[in-house]
Each structure stands twice: as structure tokens, then as C-alpha cells.
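Notes follow the structure.
FYI, side chains are in, hydrogens and waters are out, and symmetry mates aren't considered; it's all heavy atoms of this structure.
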Amino acid sequence: MAVTGDETESAATGDIPAYQLRSPNSSLAQSIVLAESPSNMQSPSSQHAEEITRKREVRLMKNREAARECRRKKKEYVKCLENRVAVLENQNKTLIEELKSLKDIYCHKAE
DNA sequence: AAAACTATCCGTCACAGTTA
DNA sequence: TAACTGTGACGGATAGTTTT
């Protein structure tokens, strides 16, 4: 398993952008509730936290879409390769047949 | 019928590569 | 060089299939 470095450790060292950090309660519903609460009567620090949460949600949403698109493209690519394999197999079969009949013709001439 | 196995899909994370 | 994007890897959920 190559992936899965310790997130908490990296976070402590500041390697990860703030919006990628896991919030204590990272469920989507909770985040949306947070994002929708009025911001004008909040302390600067909670506004900042809210901004981080919002950025994280945006990032997750974009990445979700990106992953879908990436998988769609990959499937298409595999389908193309499979089609190409089928075409080449047919060509190969045809060429083998052609070679066989040319050999036949050549053998009969040689007699 | 239920448990065990397999295949497929999805969301997320981490990271390399790209862009402004 | 910070922000963004594309993608491999992982783990959970669900559905379908096989085994007991």
C-alpha cells in the first residue's frame, strides 16, 4: 500500500492546505449548516473556520466531479483499446487466410 | 436461506504535474 | 510558488453470484 500517509502528522507540520484538513465533524450536512449560518455576527476566528470549511467543501465537490470525469474517460479509453484489439485480431485472421491461399497457389505452380 | 465471495461504483485522500 | 487539476490507491456500500 503506497498511499495513506498520516494526515494528522502532516497537518501538524503544515504540509496540507487548510481546506484539505478534516474537520472534527466532517459530514457534508454539518458543513452545509455551518456554511449557511449568518456570518455577520461571528467572531473573526469562526469566520475564518467557516471559510476553511467552505473551501474544503468546494474542493471536495470539484474533486468528486473530477473523479467521475476521470473514470468516464478511462472507461472510454479501455473501450477504444478493446475495439482496436478486435480490429487487429480480425486483420490478423484475414492475413493468415490470405497467406494460406497464396501458399496454396504457389505450391500448385511448383508442381 | 444465509453466509461467503466477487464485481462495480463512488467519495476521498495524497501527490505529481500544470498554470497563472 | 501558491492554487488548481488529473489520477492512482484505498475503503465502504451495494448488487449479483456461488457455496454451504
Side-chain angles (χ1 to χ4, degrees):
Chain A
M1 206 222 284
V3 190
T4 315
D6 188 352
E7 225 172 72
T8 346
E9 193 187 330
S10 315
T13 60
D15 290 349
I16 299 175
Y19 64 86
Q20 283 193 355
L21 296 178
R22 240 187 235 285
S23 53
N25 187 341
S26 67
S27 79
L28 187 61
Q30 178 74 12
S31 304
I32 288 170
V33 168
L34 273 178
E36 283 176 348
S37 58
S39 58
N40 55 351
M41 51 201 291
Q42 290 179 351
S43 67
S45 68
S46 76
Q47 279 184 31
H48 182 242
E50 199 177 291
E51 176 69 2
I52 287 171
T53 303
R54 193 189 62 79
K55 281 186 176 173
R56 178 181 151 78
E57 291 306 328
V58 168
R59 162 66 190 161
L60 288 181
M61 201 176 69
K62 281 186 176 178
N63 192 243
R64 209 175 297 140
E65 292 296 321
R68 277 199 203 115
E69 178 64 9
C70 185
R71 284 169 185 142
R72 191 192 61 76
K73 277 166 65 184
K74 190 173 180 178
K75 265 190 177 176
E76 204 174 284
Y77 174 68
V78 168
K79 213 183 272 177
C80 278
L81 286 182
E82 285 169 350
N83 283 343
R84 184 154 170 73
V85 166
V87 166
L88 290 174
E89 277 175 352
N90 277 337
Q91 277 182 8
N92 197 34
K93 214 184 279 177
T94 307
L95 288 171
I96 286 171
E97 288 303 315
E98 198 179 325
L99 178 61
K100 211 164 145 191
S101 55
L102 286 173
K103 273 181 179 171
D104 273 356
I105 292 170
Y106 178 77
C107 285
H108 282 116
K109 271 193 175 172
E111 282 168 8

Nucleotide N/O of nucleotides 16-18 of chain B paired with protein N/O under 3.5 Å:
none

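If you measure from atom CD of A:E57 to atom P of B:dG11, you get 13 Å, rounded to the nearest angstrom. Straight-line distance from the CG atom of A:N63 to the P atom of C:dA3: 17 Å, rounded to whole Å. Atom-to-atom, CE of A:M61 to C1' of C:dT5 comes out at 15 Å; the value is rounded to the nearest Å. Atom NZ in A:K62 sits about 13 Å away from atom C1' in B:dT19, given to the nearest Å.
In terms of the side-chain contact (heavy atoms from CB on, under 4.5 Å) criterion, residue partners of A:R84 (sequence neighbours excluded) are, by chain and number, A:L88.
Under the side chain to side chain contact (heavy atoms under 4.5 Å, CB included) rule, A:K55 has a single partner from A:E57, A:E51, A:R59, which is A:E51.
Between B:dT12 and A:R64, a contact under 4.0 Å exists linking OP1 or OP2 to a side-chain N or O.
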Which pairs of donor and acceptor atoms, one on a side chain in residues 66-73 of chain A, lie under 3.5 Å apart (sequence neighbours left out)?
from, atom 1, to, atom 2, distance (Å)
A:R68, NH1, A:E65, OE2, 2.8
A:E69, OE1, A:R72, NE, 3.2
A:E69, OE2, A:R72, NH2, 2.8
A:R72, NH1, A:E76, OE1, 2.9

Can you give me every donor-acceptor pair (side chain of residues 90-104 of chain A, partner residue at least two apart or in another chain, under 3.5 Å) with its distance?
from, atom 1, to, atom 2, distance (Å)
A:T94, OG1, A:N90, O, 2.9
A:S101, OG, A:E97, O, 3.4
A:S101, OG, A:E98, O, 3.0

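A heavy atom closer than 4.0 Å to some atom of DNA chain B occurs in A:A67, A:R68, A:R71, A:K75, these being the qualifying members of residues 65-80 of chain A.
Grouping Ile, Leu, Val, Met, Phe, Trp and Tyr by side-chain contacts under 4.5 Å, direct or through others, leaves A:V85 on its own.
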